[in-house]
Every structure is written in C-alpha cells, then in structure tokens.
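Nothing fancy with the numbering, it's 1 onward along the sequence.
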Amino acid sequence: MSSSRPLRVAIVGAGPAGIYAADILSKTDVEVSIDLFERLPVPFGLVRYGVAPDHPRIKQIIVALHKVLARGDVRLLANVDYGVDLKLDDLRQFYDAVIFSTGSIRDAALPIEGIDLPGSFGAADFVSWYDGHPDVPRTWPLEAREVAVLGAVVRCC
C-alpha cells in the first residue's frame with residue numbers, strides 16, 4: 001500500500017457490528033476509505049429484522065447507526081450479495097483489508113430427539129418471520145394451541 005492514498009477497507013455486512021467497525025476505523029489516525037456491502041436493500045441487520053416491534057427502545061439504536069452513515073465518510077452499497085455478486089478475490093483486488101460482519105441466517109441444529117417432527121421450528125426462522133425479514137415468507141402455521149421454547153444455546157470459540 002502506498003502512503004499517498006488512504007487505506008481501503010471493505011466491510012461485508014451493514015448491521016450494527018459492521019457500522020460500528022466503520023465508525024471506529026473512521027475515527028482513527030489512519031486515513032481510511034470504507035465501503036460497507038449489504039445483501040439486503042437496507043442496512044441495520046438484526047436491529048431492523050431481529051428485534052421485535054414491541055421493543056421500540058432497543059430499535060432506537062438505528063438512530064445512532066444512521067448518524068454514522070449520514071456523515072458521508074462511509075459508503076453503503078446495498079443489494080450486494082457476497083458470494084454471488086462479489087467474491088473474496090474481487091475484494092482482495094480492490095481493498096487492503098476486508099472485515100466480515102455477517103450474522104447467522106440459519107438455526108443451529110439441536111441434538112434433541114424429535115426436533116425434525118412437524119411443528120418444530122427454530123428460533124431464527126420464527127424471529128425472521130415475526131420481524132418481517134424480506135427473505136422469509138409472510139405465512140406461518142399459527143394453528144398450535146400450546147408452545148414450548150427451548151434455548152439458549154451459546155457456542156463459543
């Protein structure tokens with residue numbers, strides 16, 4: 001990298017983690033040019049599509065995230081699907097560094113007998129439906145009279 005140009009950084013994922021990474025990088029002493037790539041047509045990831053509508057206080061984080069994007073020193077490129085529209089070799093060709101800040105879009109398989117029976121659903125599927133994620137059909141089988149919630153599975157390292 002030549003010292004005559006800013007460090008070029010690509011961030012894949014424009015949810016809170018990606019936007020905060022861009023914010024922190026832009027406030028360093030290093031001259032940096034940042035492009036945020038987002039698969040969806042809008043930013044904010046789980047705050048937009050993973051927080052229930054009845055939690056408006058939590059959704060207020062969007063105000064802070066919007067301020068970062070509104071400053072004009074971070075470029076947002078939405079509707080860009082990493083792995084389809086853009087690959088790592090493409091990013092390496094044009095950027096000095098790449099940060100991946102993507103979330104999980106699938107449930108982790110639980111080793112529970114009967115987990116594959118009809119009427120058994122994972123939290124990621126349910127939350128995506130409930131919060132109106134654009135990749136999830138707007139239908140849900142609402143015929144159950146009782147439910148059980150199993151969780152919280154945490155994976156680390």
Side-chain angles (χ1 to χ4, degrees), residues 5-110 120-142 144 147 149-157:
R5 69 167 177 80
L7 181 72
R8 298 208 48 190
V9 178
I11 300 176
V12 179
I19 294 173
Y20 283 136
D23 186 38
I24 290 167
L25 279 170
S26 68
K27 292 178 178 176
T28 65
D29 293 334
V30 176
E31 188 180 356
V32 64
S33 170
I34 302 166
D35 289 341
L36 268 168
F37 293 92
E38 173 57 44
R39 182 180 63 83
L40 297 173
V42 292
F44 311 134
L46 276 179
V47 176
R48 183 181 301 272
Y49 294 115
V51 176
D54 61 343
H55 290 83
R57 199 175 117 234
I58 294 172
K59 284 185 148 326
Q60 283 300 306
I61 192 173
I62 288 177
V63 173
L65 298 174
H66 188 268
K67 285 180 183 177
V68 173
L69 296 178
R71 289 191 323 230
D73 60 341
V74 176
R75 186 167 65 159
L76 173 65
L77 302 152
N79 278 327
V80 179
D81 193 355
Y82 176 79
V84 176
D85 304 316
L86 191 64
K87 302 212 182 332
L88 186 56
D89 286 342
D90 302 321
L91 294 172
R92 285 182 171 155
Q93 184 178 356
F94 296 103
Y95 295 92
D96 301 303
V98 179
I99 297 172
F100 287 92
S101 63
T102 58
S104 175
I105 59 170
R106 290 178 202 65
D107 288 304
L110 295 177
S120 177
F121 302 99
D125 291 338
F126 176 76
V127 169
S128 293
W129 166 77
Y130 183 76
D131 290 331
H133 193 287
D135 291 345
V136 177
R138 298 304 311 139
T139 59
W140 190 265
L142 297 175
V147 300
V149 177
L150 306 175
V153 175
V154 178
R155 289 200 171 134
C156 177
C157 314

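- Results of the side chain to side chain contact (heavy atoms under 4.5 Å, CB included) test with Leu25 over Val30, Val74, Ile99 single out Ile99 as the only residue that passes.
- Each of Thr102, Leu91, Leu76 was evaluated against Phe37; a single residue qualifies, Leu91, per the side chain to side chain contact (heavy atoms under 4.5 Å, CB included) test.
- A pairwise comparison of heavy atoms in Ser101 and Ile11 identifies OG-CG2, 3.7 Å as the closest pair.
- Taking the side chain as every heavy atom from C-beta outward, Tyr20 and Val68 never approach each other to under 4.5 Å.
- For Ser26, the side chain to side chain contact (heavy atoms under 4.5 Å, CB included) criterion is met by Asp23, Ile34, Arg71, Asp73, not counting sequence neighbours.
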Counting only pairs under 3.5 Å, give me each side-chain donor-acceptor contact of residues 80-89, with atom names and distances, residues two or more places apart or in other chains.
from, atom 1, to, atom 2, distance (Å)
Tyr82, OH, Leu88, N, 3.4
Asp85, OD2, Asp81, N, 2.7
Lys87, NZ, Gly83, O, 2.7

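- No side-chain heavy atom of Leu65 sits less than 4.5 Å from a side-chain heavy atom of Pro43.
- By the 4.5 Å heavy-atom criterion applied to side chains, Ile19 and Glu38 are not counted as neighbours.
- Partners of Phe121 by ring-ring contact (aromatic ring centres under 6.0 Å, His included), not counting sequence neighbours, listed by chain and number: Trp140.
- In this structure, the separation between CG on Asp96 and CG on Leu7 is 4.5 Å, given to the nearest 0.5 Å.
- Of all heavy-atom pairs between Tyr95 and Arg75, the closest is OH-NH2, 4.4 Å.
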